[in-house]
Amino acid sequence: MDTALPAAADPALGEVVVSRDEIAQRVANLGAEITADYEGRAPLLVGVLKGAFVFMADLSRAIDLPVECDFMAVSSYGAATKTSGVVRIVKDLDLDLTDRHVIVVEDIIDSGLTLQYLRRNLLARGPASLEVCALLLREGQQKGGELGLRYVGFSIPPEFVIGYGLDVGERYRNLPEVRVFRGTP
Ligand code: IMP
Ligand code: MG
């Protein structure tokens, strides 16, 4: 880490793609939708670390049901900004998915490779249902295959973004909005 500039003075921070207010609105709507769709059930939210931790915290509080939360960590990028296509489980779930109504909570779907791998892996554990809620979907980058994206916050243009959980080399996760990354990774 070579710099410690406040956000306003950091030249790596590009345009705001999704503002704090837009996120808050959309998360409230997604929460209401999930609350209605899962009425009478107790969904299990599976957050994909680390990127989804901020979204998961807000989304879980926008759902008016007895939700349970678990996390898993997968690695596909390392420190670079291009997908390798290789997905590895770094931390597995603590809970058993058998007969559970599972909602995978993701920060962003880019190539979709991470999600395809996760879907296959989690479906093999015998959940009653499996849906996906992604905050961001990068338009036009998916390589095909069944993604099963039931809930999407925002479709965004094909630029690398940071903030609201998304990082470059572990930085910028704490920005309250989503911005284009203009620096060198
Ligand atoms: P995919 O496998 O190509 O869909 O990549 C998905 C994962 O890559 C996400 O869960 C993120 O962790 C990471 N990722 C993809 N695009 C971005 C981005 O624009 N900013 C930060 N992380 C990203
Ligand atoms: Mg991720």
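In this chain, numbering begins with 1 at the start of the sequence shown. Just so you know, ligand 1 is whichever comes first in the structure, and atom 1 is the first atom listed for that ligand. Note that these values count all heavy atoms, side chains included, but never hydrogens, waters or copies made by symmetry. Because the structure is a prediction, the values reported are computed rather than measured.
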So, 4.0 Å and heavy atoms of [X]: is ligand 1 close enough to count as a contact?
X: Gly112; answer: yes
X: Asp167; answer: yes
X: Asp107; answer: yes
X: Lys50; answer: no
X: Val161; answer: yes

Self-check item: Residues Asp92, Arg125: salt bridge by 4.0 Å N-O rule
Solution: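 Salt bridge between Asp92 and Arg125, a charged N being under 4.0 Å from a carboxylate O: yes.
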
Quiz prompt | Linked, directly or transitively: Val16 and Val161 (ILVMFWY side chains, under 4.5 Å) | solution =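 Cluster IDs for Val16 and Val161 differ.
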
Practice problem: Check whether Leu123 and Leu118 end up in the same hydrophobic cluster, where Ile, Leu, Val, Met, Phe, Trp and Tyr are linked by side-chain heavy atoms less than 4.5 Å apart. | Solution: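 As far as the 4.5 Å side-chain criterion goes, Leu118 and Leu123 are connected within one cluster.
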
Quiz item: Has the side chain of Asp70 got a donor or acceptor atom that lies under 3.5 Å from a matching backbone atom of Asp94?
Solution: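 Judged by distance alone, yes, a pair lies under 3.5 Å.
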
Quiz prompt | For Tyr164 against Pro176, the heavy-atom pair lying closest together | solution =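 Closest pair (atom of Tyr164, atom of Pro176, distance): CD1-O, 4.0 Å.
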
Report, in ascending order of atom number, the atoms of ligand 1 lying under 4.0 Å from any heavy atom of [X].
X: Arg138; result: 16 (N), 17 (C), 18 (C), 19 (O)
X: Thr114; result: 1 (P), 2 (O), 5 (O), 6 (C)
X: Ile108; result: 6 (C), 9 (C), 10 (O), 11 (C), 14 (N), 15 (C), 16 (N), 17 (C), 19 (O), 23 (C)
X: Glu106; result: 10 (O)

Quiz item: Checking side chain to side chain contact (heavy atoms under 4.5 Å, CB included) for the pair Arg26/Val18: CA distance, chi angles, key distance, verdict?
Solution: CA-CA 10 Å; Arg26 190 72 188 108; Val18 192; over 6 Å; no

Exercise. Describe, in one word, how the ring planes of Tyr38 and His101 are oriented to each other, choosing from parallel (under 30°), tilted (30 to 60°) and perpendicular (over 60°).
Key: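 The rings of Tyr38 and His101 stand perpendicular, inter-plane angle above 60°.
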
